[in-house]
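The next block holds one structure in the form of structure tokens; read it before the comments.
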2 protein chains.
Amino acid sequence: MDIENSKAQMKKGILEYCILSIISRGEVYASDILEEMKSSSLLVVEGTIYPLLSRLKNEGLLSYNWVESKSGPPRKYYQLTQQGITFMNELGLTWQELVKAVNELTQKTNNQI
Amino acid sequence: MDIENSKAQMKKGILEYCILSIISRGEVYASDILEEMKSSSLLVVEGTIYPLLSRLKNEGLLSYNWVESKSGPPRKYYQLTQQGITFMNELGLTWQELVKAVNELTQKTNNQI
DNA sequence: AATATATACTATGTATTGCATAGTACTAAA
DNA sequence: TTTAGTACTATGCAATACATAGTATATATT
């Protein structure tokens, strides 16, 4: 039985919310997001974030500008669309409800073990 | 863009923890768990819970006794194994760390929007 | 007694998602 | 010109929740 796998499963569903949240603070490109997630101990890798950004863009939650870089190929700087902002706020509510529900459910337990 | 889907994705990774937690309070069978989850606004359905219980049992986190029922076929009453208790506690730690990390990450944001 | 209904568990297939991996393309240093 | 670093793209795999259909048992209804 692998705790690492379960840990990864827990993380899965909230990546979307975290990434929208990071982008909402100001324009960033993929590597900025990777950095930010790493520093929050929510490790993510390239293979995860690029497809996710593409998906969110295709769904109309994000848009981007190409920006030239001095140290390599151009970068996609992402920003939230109006729809993205709305969606992020809904995810925030969902997250809070989830935390509340899980904490209530599991605290009943901890008192008895 | 479907908020319901994202909501479902968030829920995915924590079901395991919730179910172990419920079982740790005392022996229950599948329908008890379904009831408990529903009353915590963490809706789950049969098709989810039966395979999950089987998986956890095969992994050695749960064991069960057959108990006769007056209103239908016999029931599997589950309990945690020692390994299951250990694992549940690890999941609890993981959950708390995750909540902390996500809240810190997203609160930075909310202050600026 | 025979059928219908409710309950409980089983089995199979699907969709979504994170991730591993390999590949392309561009810039700058060596 | 080659090498290293950076940024994005494309493909396939594994894990999980869920939909759906099916099997089996006990009680209720006729």
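Atom set for the values below is all heavy atoms of this structure, side chains included, hydrogens, waters and symmetry mates excluded. A, B, ... follow the sequence lines: proteins, then strands. Residue 1 opens every chain.
Residue A:Trp66 contributes atom CH2, which lies 10 Å from atom P of C:dC26 at whole-angstrom precision. The distance between atom CG of B:Asn65 and atom P of C:dA8, rounded to the nearest whole Å, is 16 Å. Atoms CZ (B:Arg55) and P (C:dA11) sit 17 Å apart, rounded to a whole Å. In this structure, A:Tyr17 places its OH atom 16 Å from P of C:dG18, rounding to the nearest Å. Distance NZ (A:Lys7) to P (C:dT17): 24 Å, rounded to an integer number of Å. Rounded to whole Å, the distance from NZ on A:Lys12 to P on C:dA15 is 16 Å. Rounded to whole angstrom, the span from the CG atom of B:Leu56 across to the C1' atom of D:dT16 amounts to 12 Å. Rounded to whole angstrom, the span from the OH atom of A:Tyr64 across to the P atom of D:dA7 amounts to 16 Å.
By the 30° and 60° cut-offs, the orientation of the rings of B:Tyr17 relative to B:Trp95 is tilted.
Annotation: the terminal axes of the helix from C:dA1-D:dT30 to C:dA30-D:dT1 meet at 10°, where each axis is the rotation carrying the C1' atoms of four end pairs onto the next four (5 pairs per end, rounded to 10°).
Listed pair A:Asn5 / D:dT16 meets the phosphate criterion, a side-chain N or O lying under 4.0 Å from OP1 or OP2. Here B:Tyr50 does not reach the OP1 or OP2 of C:dT10: none of its side-chain N or O atoms lies under 4.0 Å away. Look at B:Arg75 and you won't find any side-chain N or O under 4.0 angstrom from OP1 or OP2 of C:dC9. Between B:Tyr29 and C:dA8 there is a side-chain N or O to OP1 or OP2 distance below 4.0 Å.
Centroid-to-centroid, the aromatic rings of A:Tyr29 and A:Tyr77 come within less than 6.0 Å.
Under the side-chain contact (heavy atoms from CB on, under 4.5 Å) criterion, B:Pro74 pairs with B:Trp66, B:Glu68, not counting sequence neighbours. Legend: residues meeting side-chain contact (heavy atoms from CB on, under 4.5 Å) with A:Ser63, ordered by chain and number and at least two apart, are A:Gln79, A:Thr81. A:Glu97 is linked by a side-chain contact (heavy atoms from CB on, under 4.5 Å) to nothing, counting only residues two or more places apart in sequence or in another chain.
Candidate nucleotides D:dA17, D:dA7, C:dC9 were compared by shortest atom distance to the side chain of B:Leu52, and D:dA17 ranks first.
Look at A:Arg25 and A:Glu36 and you find a salt bridge, because one of the NZ, NE, NH1 or NH2 atoms lies within 4.0 Å of a carboxylate O, short of that distance. Taking 4.0 Å as the cut-off between side-chain N and carboxylate O, A:Glu90 and B:Lys7 do not count as a salt-bridged pair.
For residues 39-48 of chain B, no pair satisfies side-chain hydrogen bond (donor to acceptor under 3.5 Å, both in side chains), with sequence neighbours left out.
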Task: Letter per nucleotide, 5' to 3', of nucleotides 18-30 of chain D [B base touched, S only sugar-phosphate touched, - untouched; heavy atoms, 4.0 Å] - done: BS-----BSS---
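Side chain of A:Lys11 to main chain of A:Leu43: a donor-acceptor pair is present (N/O by atom type, distance under 3.5 Å, no hydrogens or angles).
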